[in-house]
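Okay, structure first, notes after.
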Amino acid sequence: MSERKLRVMVAKPGLDGHDRGARVLARCFRDAGFEVIYTGCHQTPAQIASSAIQEDVDLVGLSCLSGAHRYLFPQVVKLLQENGAGDITVIGGGIIPDQDCQKLYDAGIKAIFTPGTPLDVIVDWIKKNVKPLE
Amino acid sequence: MEIGKKIKAGDIRAASRLIRDIEDSIPEAKFTIKHIFPYTGKAQVVGITGSPGAGKSTLVDGLVEANRKRNRTVGVLAVDPTSPFTGGATLGDRIRMQRHAEDPGVFIRSLATRGSLGGLSKAVGDAIHVMDAMGKDIILVETVGTGQQEVEIINYAHTVIVVLVPGMGDEIQAIKAGIMEIADIFVVNKSDREGAGKLQRELMAMLDMSPVAAGGWRPPIVTIGNSFKPEEFEQDIGKLSARIHEHYEFLVSSDLIGDRLRRKTMHELNEALRSSILEPVLNMLVSTGELDRMVEKLLKKESDPCSLAEEVARKYLQECI
């Protein structure tokens, strides 16, 4: 009997060691029944894109609290596209000022979740918007 | 077969997708595995097992580095447990291996156990085939953190490394019967910690009690120190690498590799049969000696396990049910 399982990756790009949020999310996704690959802190966009492809994930969740999201997030999307994996959904979260959100959406980030977002909201968004493979 | 070609060409995306299809039991994946099966059997498979937090992932990372320095391509299959309550899993082994994330010669794939009890995932055998068909020179299989009985790795690996750490008290006594028997190489990890010497002595005493046939293999004990001291750690990993190589050479020169391959192939065929037919058919196969004859065929690459299972099902199903 076949059953598709959602695979997601939680990653922290750039020079940012504040991983509490990312770990809470990794745990929360696990409890939602997803298979979660957590790659730890201080990752380059290239490491993240390459890991996402090796792990065949449906979604990459990026967490950034350092202020470098405007460079790092779009870079991950670009590298995924360049390597034939533009179908992987990328979402982001962390300390993201409101005025940056539109730029990130334009760059291909599908959703942004900032501090105070209930975990259920994120899980529901993923369940609604990310379907495991056909 | 388009996917099969891509995999033989080393396409990571196609390979990871195929592994996923196997994990998700997608019927089409079986066809691809049949197609690539003749191209498997070349890679060296090394299993790394031990209790949670013993340092398996860090050792795997060190072994990846050592193999890359010798220009060998590497596949890593890292298994972590699935939650029995939600079906979810946190796969965190590759955190220790991320320095290799961008190296095209290294393919790291995490697997969740999805209810398997032997310390591995049900998909691990076919995932090894996929990496093998991609042309990886060595495949490192990291089991879940094991207790006593998760010994299934012996059905897949040429060489099994059991990783132990000091300070676990009389755990040596407790685990004597299960996992202690499957080691080809013991690692005393974190050997800068108190109790490492005692652990090593206890292991030696245990090995002294285990008979080794003349010309046989006595599992060596490799001590590995603090991974935060990179130079010493690399030296220690070098020693471990050398022992792995020696063990493989031993298997080849003593022709024991045939036994290992036979055990591995027998296991694989068993799994395939189980998914196609039921227990009574298996009983019949064992009693008629037909199982042994099929293993011969597989070793000669004259067929693959799925095809053989279907043949048997056609032949026996009516009689048994």
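This is a predicted model, so every value here is computed, not measured. Chain naming here is simple, since letters A, B, ... match the order of the sequence lines and numbering starts at 1 in each. Reckoned from all heavy atoms, side chains included, excluding hydrogens, waters and symmetry mates.
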Quiz item: Is atom OH of B/Tyr39 surrounded by more than 12 heavy atoms (other residues, nucleotides or ligands) closer than 6.0 Å?
Solution: no
Quiz item: For A/Lys110, does the NZ atom have more than 12 heavy-atom neighbours from other residues, nucleotides or ligands under 6.0 Å away?
Solution: no
Quiz item: Mind checking whether A/Lys5 and B/Asp24 have side chains closer than 4.5 Å, heavy atoms only?
Solution: yes
Self-check item: B/Arg72 atom CZ: more than 12 heavy-atom contacts under 6.0 Å
Solution: yes
Practice problem: Spell out, as yes or no, whether a donor-acceptor pair under 3.5 Å connects the side chain of A/Gln47 to the backbone of B/Gln98. | Solution: yes
Exercise. Step by step, work out the side chain to side chain contact (heavy atoms under 4.5 Å, CB included) result for B/Thr90 and A/Arg23.
Key: CA-CA 10 Å; B/Thr90 310; A/Arg23 288 184 193 200; over 6 Å; no
Quiz item: Taking atom CD of A/Gln54 and atom CD1 of B/Ile19, what is their separation to the nearest 0.5 Å?
Solution: 10.5 Å
Quiz item: Who in residues 99-112 of chain B is close to chain A, using a strict under-4.5 Å heavy-atom cut-off?
Solution: B/Arg99, B/Ala101, B/Glu102, B/Val106, B/Phe107, B/Ile108, B/Arg109, B/Ser110, B/Ala112
Quiz prompt | Residues of residues 28-38 of chain A contacting chain B, heavy-atom criterion under 4.5 Å, by residue number | solution = A/Arg30, A/Asp31, A/Gly33, A/Phe34, A/Glu35, A/Val36, A/Ile37, A/Tyr38
Quiz item: More than 12 heavy atoms of other residues, nucleotides or ligands under 6.0 Å from CD of B/Glu231: is that the case?
Solution: no
Self-check item: A/Lys128, NZ atom: more than 12 neighbouring heavy atoms under 6.0 Å
Solution: no
Exercise. Evaluate whether atom CG of A/Asp106 has more than 12 neighbouring non-hydrogen atoms of other residues, nucleotides or ligands under 6.0 angstrom away.
Key: yes
Quiz prompt | Toward chain B, the part of A/Ala49 with a non-hydrogen atom under 4.5 Å | solution = neither
Exercise. Name, in order of residue number, those residues of residues 120-128 of chain B that have a heavy atom at a distance of less than 4.5 Å from a heavy atom in chain A; otherwise write 'none'.
Key: none
Quiz item: From A/Ile53 CD1 over to B/Arg13 CZ, what is the distance, rounded to the nearest 0.5 angstrom?
Solution: 6.5 Å
Quiz prompt | side chain to side chain contact (heavy atoms under 4.5 Å, CB included) against B/Glu310, all qualifying residues, sequence neighbours excluded | solution = B/Lys34, B/Arg314
Self-check item: B/Lys229, NZ: over 12 other non-hydrogen atoms inside 6.0 angstrom
Solution: no
Quiz item: Has A/Tyr105 got more than 12 heavy atoms of other residues, nucleotides or ligands less than 6.0 Å from its OH?
Solution: yes
